[in-house]
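Numbers here are sequence positions counted from 1.
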Amino acid sequence: MSLSQLIENCKIDDTKAQGELYKLFSSKLFSVCLKYSRNRAEAEDNLQDAFLTIFKKIEQYKNKGSFEGWLKRITINTVLQRYRNEKVFDIINENIIEDVELEVDDDTVSIDYLLQIIQELPDRYRLVFNLYVLDGYSHKDIADMLGINVGTSKSNLARARQSLKETIENYKTVQSLQSL
């Protein structure tokens, strides 16, 4: 069955088509959920919520643009809605701190470790960092998506980078001490 036929069948609540769509896209969308979630269990919950939203809103997809991109936007928005409901973006201090350059040495820090420490960031920092650095959204788009202002987005990005930089520097120090 073609993707367009699968989409049309999902629009009429065909559970078999919904299962096929889930099989086809669940691993890609799980990666998106994992990137924005605190841990694997939360990512699994977010994936289920995203697919419920996808099936509920699939009639809104008008075959314009990438279907996978549409799925990704729905998934990101579903995860972000959970955080908006949890009020993780309560304003603490909106002073913009100086942005920090974050350089990662592939020889010292593995991609798995980098993903782990990104996941360990506080929610407001992790979400802004992922949206800006990994998905290429502008601060204005992030502010609109998260219901914050642009200054808060910039500040949270700078704080995320600072936190990651400190964690990586500590990691490198421990690694060099262990090699002595």
Identify the two heavy atoms, one from Ala43 and one from Ser37, that lie closest to each other, and give their separation to 0.1 Å.
CA-OG, 3.4 Å

Quick check: do Thr75 and Lys72 have side-chain heavy atoms less than 4.5 Å from each other?
no

Any side-chain to backbone donor/acceptor pair from Ser176 onto Thr173? Under 3.5 Å, distance only.
yes

Kindly compute the distance separating CD (Gln116) from OG1 (Thr167), expressed to the nearest 0.5 Å.
10.0 Å

So, the side chain of Ser155 versus the backbone of Gly151: is there a donor-acceptor pair under 3.5 Å, distance only?
no

Hydrophobic cluster identity match, Ile74 and Leu52, side-chain contacts under 4.5 Å:
no

Using atom types as modelled, flag every donor-acceptor pair under 3.5 Å from a side chain in residues 59-69 to any protein atom, sequence neighbours excluded.
{"from": "Tyr61", "atom 1": "OH", "to": "Gly65", "atom 2": "O", "distance (Å)": "2.8"}
{"from": "Tyr61", "atom 1": "OH", "to": "Phe67", "atom 2": "N", "distance (Å)": "3.4"}
{"from": "Lys62", "atom 1": "NZ", "to": "Glu59", "atom 2": "O", "distance (Å)": "3.1"}
{"from": "Ser66", "atom 1": "OG", "to": "Glu68", "atom 2": "N", "distance (Å)": "3.3"}
{"from": "Ser66", "atom 1": "OG", "to": "Gly69", "atom 2": "N", "distance (Å)": "2.9"}
{"from": "Glu68", "atom 1": "OE1", "to": "Lys28", "atom 2": "NZ", "distance (Å)": "3.3"}

Search all heavy atoms of Ile58 against all heavy atoms of Lys11 and return the closest pair with its distance.
O-CE, 3.3 Å

I'd like to know if the side chain of Thr152 reaches the main chain of Ile148, judged simply by a donor and an acceptor atom lying under 3.5 Å from each other, with no hydrogens or angles considered.
no

Hey, what do you get for CD (Gln175) to CD1 (Ile168), rounding to the nearest 0.5 Å?
12.5 Å

Under 3.5 Å, is there a donor on one side chain and an acceptor on the other for Asp141 and Ser138?
yes

Should the pair Glu169-Lys172 be classified as a salt bridge under the 4.0 Å nitrogen-to-oxygen rule?
no

Could you go step by step and tell me if Ile142 and Val150 meet the side-chain contact (heavy atoms from CB on, under 4.5 Å) rule?
CA-CA 8 Å; Ile142 294 168; Val150 172; over 6 Å; no

Side chains of Val79 and Val32 in contact at under 4.5 Å (non-hydrogen atoms):
no

Chi angles and distances behind the side-chain contact (heavy atoms from CB on, under 4.5 Å) call for Val174, Asn170:
CA-CA 6 Å; Val174 169; Asn170 290 339; 5.6 Å; no

Please evaluate residues Phe51 and Tyr22 with respect to the criterion ring-ring contact (aromatic ring centres under 6.0 Å, His included), reporting the C-alpha separation (whole Å), side-chain torsions for both, the decisive distance (0.1 Å), and the verdict.
CA-CA 8 Å; Phe51 267 102; Tyr22 181 88; 4.6 Å; yes

Side-chain (Tyr83) to main-chain (Tyr36) donor-acceptor, under 3.5 angstrom
yes

For Ile118, is there any backbone N or O sitting under 3.5 Å from a side-chain donor or acceptor partner on Arg126?
no

Roughly how far apart are Leu47 CG and Arg40 CZ, rounded to 0.5 Å?
10.5 Å

Determine, stepwise, if the pair Trp70 / Ile7 fulfils side-chain contact (heavy atoms from CB on, under 4.5 Å).
CA-CA 12 Å; Trp70 183 82; Ile7 294 167; over 6 Å; no

Regarding Glu44 and Gln48, do their side chains bring together a donor and an acceptor under 3.5 Å, going by distance alone?
no

Distance-only, no hydrogens or angles: does the Gln162 side chain make a donor-acceptor pair with backbone N or O of Ala158 under 3.5 Å?
no

Can you tell me if Ser31 uses its side chain to pair, donor with acceptor, with the backbone of Ser27 under 3.5 Å?
yes

Connected via hydrophobic side-chain network under 4.5 Å: Phe30 and Leu134:
no

Answer yes or no: is there a donor N or O on one side and an acceptor on the other, between the side chain of Asp14 and the main chain of Cys10, under 3.5 Å?
no

Does Leu121 reach the side chain of Leu127, with side-chain heavy atoms less than 4.5 Å apart?
no

To the nearest 0.5 Å, tell me how far Thr78 OG1 sits from Leu29 CG.
10.0 Å

CD1 on Ile54 to CZ on Arg73, rounded to 0.5 Å
11.5 Å

Evaluate the side-chain contact (heavy atoms from CB on, under 4.5 Å) criterion for residues Leu157 and Leu131: first the C-alpha distance (whole Å), next the side-chain angles of each, then the deciding distance (0.1 Å), finally the verdict.
CA-CA 10 Å; Leu157 176 63; Leu131 287 166; over 6 Å; no

Using the rule given for side-chain hydrogen bond (donor to acceptor under 3.5 Å, both in side chains), can you reason through Asn156 versus Ser153, listing the C-alpha separation, both sets of side-chain angles and the distance that settles it, and then say yes or no?
CA-CA 5 Å; Asn156 286 341; Ser153 178; over 6 Å; no

Is there side-chain contact between Asp45 and Arg82, with heavy atoms separated by less than 4.5 Å?
yes

Is the closest side-chain donor-acceptor distance between Gln5 and Asn9 under 3.5 Å?
yes

Linking I/L/V/M/F/W/Y whenever their side-chain heavy atoms sit closer than 4.5 Å, directly or via other members, would Ile12 and Leu24 fall into one cluster?
no

Pairwise side-chain contact, Phe129 with Arg159, heavy-atom cut-off 4.5 Å (strictly under):
no

Heavy-atom side-chain proximity of Asp13 to Gln18 below 4.5 angstrom:
yes

Got Ile117 and Leu114 here, is their nearest side-chain heavy-atom distance under 4.5 Å?
yes

Quick one: does any side-chain atom of Asn46 pair with a main-chain N or O of Glu42 as donor and acceptor, under 3.5 Å?
yes

For Ile76 and Tyr137, work out which heavy atoms get closest and say how close.
CD1-OH, 4.1 Å

Between the main-chain N or O of Leu34 and the side-chain N or O of Gln119, is there a donor-acceptor pair closer than 3.5 Å?
yes

